[in-house]
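What follows is one structure encoded as structure tokens, with my remarks underneath.
Just so we're clear, the structure is a prediction, and the values are computed from it rather than from any experiment.
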Amino acid sequence: MSLENSKFVEKFTMFAAKLGNQIHLRSLRDAFATMMPLYILAGLAVLLNNTVFTWIFSGDTLTAVQYWGTVITNATLNVSGLLIAGAIGYCLATNREFENPMAAALISMACLVAMMPNTVEVIANGASEAVSVSGVLPFANLGTGAMFAGVIIALFATEMFIKVSHVKKLQVNLGDNVPPAVGKSFNVLIPVIIVLSTFALVSALIFNLSGMNLITIITTFIQEPLRHIGTGLWGCVILYSLGNLLWLFGIHQSVIYSSILEPLLIINITENIAAFNAGQAIPNIINVSQVTTFGLIGGSGSTLCLLIATFLVGRSKMTKNVAKLALAPGIFNINEPVIFGYPIVYNISMAIPFILVPSLGIIISYFATTLGLISPCVSLVPWTTPALLSAFLATAGDWRAVICQLVVIILGVLIYIPFVRINDRVIEKQAEIEQE
């Protein structure tokens with residue numbers, strides 16, 4: 001009770017709540033959540049193309065069947081930068097309660113394209129040297145490499161578009177006798193012209209002064225440094241641990257994970273999927289599938305390990321009943337019954353293992369991948385995928401990853417066991433105090 005009522009907890013809770021409700025972070029979270037089905041489909045297509053189909057087909061038949069997965073990859077991963085720009089524009093405009101969010105989505109995508117170079121270097125099939133080609137938009141500028149640029153440009157373009165659209169003198173009102181869609185379209189006509197022209201002017205200035213384009217600048221000087229810090233081993237562990245720490249105060253970990261860390265991890269897994277599909281070396285060990293597969297076993301805090309530990313050594317009737325009720329959803333990594341029923345919230349007894357076990361899973365899997373003991377994660381599996389199956393699918397069928405995940409679960413159970421016993425003693429002591 002002293003923890004729950006402390007001034008530090010109150011201030012920390014208010015700060016975390018404000019951070020989680022920050023409109024730009026919330027819009028990023030909403031946009032990436034909207035895009036998630038496409039990423040999962042892309043991962044499934046790449047997985048089938050490079051594993052299952054190769055087991056069943058060969059030769060020209062294999063090539064014909066793999067065409068299915070290739071076009072799905074083109075429609076998802078290879079245009080993900082453009083799609084995320086539109087999704088962010090829509091979500092930010094919706095959160096701003098702007099009356100025409102679809103226009104914001106369109107202007108975000110248009111501004112991203114305006115920042116792309118007019119000519120690109122390409123290598124034709126069978127050629128050894130690159131040639132300059134104009135009038136094309138390569139997947140390199142539309143896909144995973146442009147995702148961070150899409151995020152930044154969409155945020156700026158949408159904010160500018162909304163502000164300009166609120167200037168009444170710039171609104172074209174055709175009256176009430178026109179269809180609503182036409183009226184809304186003309187209402188933002190001048191703001192669209194202003195915003196897109198501004199971004200086109202910036203693009204022209206950058207190219208003529210430096211010979212570069214904004215997407216290359218953002219990718220080189222912002223995206224890559226930030227991504228390597230945030231998705232390096234220790235940066236990822238620290239941010240993920242901070243997210244789990246919030247649960248102890250009753251605040252959802254998405255405040256940090258979904259808003260800050262997950263977008264960077266998604267960029268990493270999309271690059272892995274693309275590399276795996278192209279038969280190239282896998283670039284990123286730390287990615288969203290690796291974190292959820294080895295650090296989200298049973299939900300935040302890897303609480304499947306807690307449930308197993310409770311069944312093994314728990315004495316409290318209350319926690320055992322909670323564990324029984326929480327087991328079924330816990331198998332699918334849904335653990336709100338544990339968080340609020342066991343509980344984890346404001347429970348000092350569970351603070352250490354709740355933060356430690358997921359971090360241990362991420363660290364073990366990282367070094368196992370680095371040493372070549374398991375394959376890197378190359379498929380985006382739904383976070384609700386049960387343990388062991390998730391490791392098998394995320395690594396494109398590597399049974400060694402299943403063994404690694406099993407080792408993480410066993411270690412997690414062993415770490416949770418002493419704290420389960422401590423928690424039982426605390427519950428007994430509290431009951432004695434209440435009786436007195």
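Expressed to the nearest 0.5 Å, how far CD1 of Ile427 lies from OG of Ser316 amounts to 4.0 Å. Separation of atoms CD1 (Ile273) and OG1 (Thr270) is listed at 7.0 Å; rounding is to 0.5 Å.
Remark: side-chain polar atoms of Asn50 are paired, donor with acceptor, to backbone N or O of Val46 under 3.5 angstrom. Listed for the Ser210 side chain is no donor-acceptor partner under 3.5 Å among the backbone atoms of Phe207. Of the possible polar contacts, none joining the Thr158 side chain to the Leu155 backbone as a donor-acceptor pair under 3.5 Å is found. Panel note: side chain Asn284, backbone Ile286; no donor-acceptor pair is recorded below 3.5 Å. Using a distance-only test at 3.5 Å, with no hydrogens or angles considered, no donor-acceptor pair links the side chain of Arg26 to the main chain of Leu92. Side chain of Asn213 to main chain of Thr216: a donor-acceptor pair is present (N/O by atom type, distance under 3.5 Å, no hydrogens or angles). Side-chain atoms of Gln171 come within 3.5 Å of backbone N or O of Ser165 as a donor-acceptor pair. For the pair Glu271 (side chain) and Pro283 (backbone), a donor-acceptor distance under 3.5 Å is absent. Side-chain N or O atoms of Asn208 include one that pairs as donor or acceptor with a backbone N or O of Ala204 at under 3.5 Å. The backbone N or O of Val381 sits nowhere less than 3.5 Å from a side-chain atom of Thr385 that would complete a donor-acceptor pair.
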query: Would Phe294 and Ile374 satisfy side chain to side chain contact (heavy atoms under 4.5 Å, CB included), going step by step from the backbone distance to the final call?
result: CA-CA 12 Å; Phe294 297 97; Ile374 65 173; 4.1 Å; yes
Derivation of the side chain to side chain contact (heavy atoms under 4.5 Å, CB included) call for Asn287 and Val291: CA-CA 6 Å; Asn287 56 73; Val291 169; over 6 Å; no
message: Working note: Met318 + Tyr342, criterion side chain to side chain contact (heavy atoms under 4.5 Å, CB included); need CA distance, chi angles, decisive distance, verdict.
response: CA-CA 8 Å; Met318 181 195 74; Tyr342 202 91; over 6 Å; no
message: Please evaluate residues Thr384 and Asn333 with respect to the criterion side-chain hydrogen bond (donor to acceptor under 3.5 Å, both in side chains), reporting the C-alpha separation (whole Å), side-chain torsions for both, the decisive distance (0.1 Å), and the verdict.
response: CA-CA 5 Å; Thr384 51; Asn333 303 324; over 6 Å; no
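Counted within 6.0 Å of CE on Met36, heavy atoms from surrounding residues, nucleotides or ligands total more than 12; the atom is thus considered enclosed. No more than 12 heavy atoms of other residues, nucleotides or ligands sit less than 6.0 Å from atom CG of Asn118. No more than 12 heavy-atom neighbours from other residues, nucleotides or ligands sit within 6.0 angstrom of CD1 on Ile352. A 6.0 Å sphere centred on CZ of Phe186 holds no more than 12 heavy atoms belonging to other residues, nucleotides or ligands.
Taking the side chain as every heavy atom from C-beta outward, Pro263 and Val151 never approach each other to under 4.5 Å. Using a 4.5 Å heavy-atom cutoff, the side chains of Val288 and Ile267 are not in contact.
Of all heavy-atom pairs spanning Ala274 and Leu77, the tightest one is N-CD1, 3.9 Å. Shown here for Ala326 and Pro337, the closest heavy-atom pair between the two residues is CB-CB, 3.9 Å. Among all heavy-atom pairs drawn from Gly314 and Lys320, the shortest one is O-CE, 2.8 Å. Shortest non-hydrogen contact noted between Ser375 and Thr395 is O-CG2, 3.3 Å. In terms of heavy atoms, Gln405 sits closest to Thr293 at NE2-O, 2.6 Å. Shown here for Ala146 and Ile215, the closest heavy-atom pair between the two residues is CB-CG2, 4.4 Å.
Within the structure, ring pair (Phe, Tyr, Trp, His ring centres under 6.0 Å) contacts touching residues 363-393 (residues at least two apart or in different chains) do not occur.
Each of Leu356, Leu306, Ile410 was checked for a side-chain contact (heavy atoms from CB on, under 4.5 Å) with Ile415, and the lone residue meeting it is Leu356. Applying side-chain contact (heavy atoms from CB on, under 4.5 Å) to Tyr240 and the options Leu296, Leu245, Ile355 leaves one that passes, Leu296.
Residues Thr303 and Asn335 bring a donor and an acceptor atom of their side chains to less than 3.5 Å of each other. Between Ser359 and Ser241, the side chains place a donor N or O and an acceptor N or O closer than 3.5 Å (distance only, hydrogens not considered). Counting only N and O atoms by type, the side chains of Asn347 and Asn423 include a donor and acceptor under 3.5 Å apart.
Contact check on Arg96 versus Glu159 returns a salt bridge, with a Lys/Arg side-chain nitrogen under 4.0 Å from an Asp/Glu carboxylate oxygen.
With sequence neighbours excluded, no residue forms a ring pair (Phe, Tyr, Trp, His ring centres under 6.0 Å) with Tyr90.
Taking the ring centroids of Phe199 and Phe156, they lie at or beyond the 6.0 Å cut-off.
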